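These notes are about the structure you will find just below.
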2 protein chains.
Amino acid sequence: MKQLEIFKALSNKTRLEILQWLKDPEASFPEQAHVSGFEIGVCVGEIQRKAGLTQSTVSEYLSILQRAGLVTSTRVGQWTYYKRNDIAFDELSKIIQSDI
Amino acid sequence: MKQLEIFKALSNKTRLEILQWLKDPEASFPEQAHVSGFEIGVCVGEIQRKAGLTQSTVSEYLSILQRAGLVTSTRVGQWTYYKRNDIAFDELSKIIQSDI
DNA sequence: TGATAATATCGGTTATTCCCGATATACCAA
DNA sequence: TTGGTATATCGGGAATAACCGATATTATCA
């Protein structure tokens, strides 16, 4: 049951906020030093700073969002960039109309 | 934060199933003896039988769904009928596109 | 090679959720 | 009134999630 995993991922205040930030990274994060723009996503450190939780917690939250398919990740050097997966939200929106 | 309450309500296997049943009651439940059709919803007892959990658990689950706005309830005599709130799902579908 | 930085994973405490049985409340019928 | 049926609420044990600090992993750079 995939949608259960998605809703569990969404049922946490911080994880919802992270997704909202990733929806508009330009407005939510300072320019990243090691890469130009937010095309590949936002690195864990920036998200952690903004969330105000420990590194381990934020890292775990991001992997929960990824397992649910709500974000994708790209490793570049020592950084991992997380990006909102727009397609997943389109699909979820449809599931809510047709399945539930 | 209303959407958090909604996603928490949706992050349980049985509650998701109940919503799916209420989406198409004719297909999911036997004819109710005390009322004609499913216009006002499905009574707790029918939902409980189908869920296979105790009465108290199902009653609590239904009130969680109701507090989240996902179902409405109507009391008629000694029965309470629960019905899917279509509008809430339309709104949720939009929230997923625009907010998160 | 070794030092440092970014991220992931592991082990554990505390808070929350799941789900139950027991009991309370509301309604109806005799 | 008394008894029976439908639902709601309360108290609690067990399972899961939240969140942390410590440590492991991976990459960079001198």
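Letters A, B, ... are given to chains in the order of the sequence lines, protein chains preceding strands, and every chain is numbered from 1. Quick caveat, the model's predicted, so the values are computed rather than measured.
Residues in residues 36-46 of chain B take part in these side chain to side chain donor-acceptor pair (under 3.5 Å) pairs, two or more places apart or across chains: B:E46-B:R49.
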Nucleotide by nucleotide, nucleotides 11-25 of chain D touches protein heavy atoms under 4.0 Å in the pattern (B base, S sugar-phosphate only, - none) ------SSBBBB---
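B:S93 and A:S93 share a side-chain donor-acceptor pair at under 3.5 Å.
Judged as a side-chain contact (heavy atoms from CB on, under 4.5 Å), and not counting sequence neighbours, the contacts of B:D99 are B:Q3, B:I95. Considering only residues two or more places apart in sequence or on other chains, A:E91 meets the side chain to side chain donor-acceptor pair (under 3.5 Å) condition with none of them. Listed by chain and number, the residues in a ring-ring contact (aromatic ring centres under 6.0 Å, His included) with B:Y82 amount to none (sequence neighbours excluded). Scanning for side-chain contact (heavy atoms from CB on, under 4.5 Å) contacts around B:T72 gives B:K83, B:N85, with sequence neighbours left out. With sequence neighbours excluded, no residue forms a salt bridge (charged side-chain N to carboxylate O under 4.0 Å, His left out) with B:D24.
Nucleic acid contact for B:S59: base, since at least one base atom lies under 4.0 Å from a heavy atom of the residue. Residue contacts for A:Y81: at a heavy-atom cut-off of 4.0 Å it reaches no nucleic acid atom on any strand shown.
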A:S56/A:S59 under side-chain hydrogen bond (donor to acceptor under 3.5 Å, both in side chains): CA gap, chis, key distance, verdict:
CA-CA 5 Å; A:S56 61; A:S59 175; over 6 Å; no
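When hydrophobic residues (I, L, V, M, F, W, Y) are linked wherever their side-chain heavy atoms come within less than 4.5 Å, the members clustered with B:W79 are B:V35, B:I40, B:V76, B:Y81.
Atoms CG (A:L65) and P (C:dA8) sit 12 Å apart, rounded to a whole Å. Atom-to-atom, CG of B:L16 to P of C:dC18 comes out at 11 Å; the value is rounded to the nearest Å. If you take CD of B:Q48 and P of C:dG21, they are 11 Å apart, rounded to a whole angstrom. In this structure, the CZ atom of B:R49 is 9 Å from the P atom of D:dT7, given to the nearest Å. For the pair A:F7 CZ and C:dT17 C1', the interatomic distance rounds to 18 Å; values are reported in whole Å. We find that CD1 of A:I40 is positioned 15 Å from C1' of C:dT7, with the value rounded to whole Å. Between the P atom of D:dT5 and the CH2 atom of B:W79 lies a distance of 11 Å, rounded to the nearest Å.
Closest approach to the A:Q78 side chain among C:dT9, D:dT7, D:dT28 is made by D:dT28 (side chain taken as heavy atoms from C-beta onward).
Within residues 26-37 of chain B, no residue has any heavy atom under 4.0 Å from DNA chain D.
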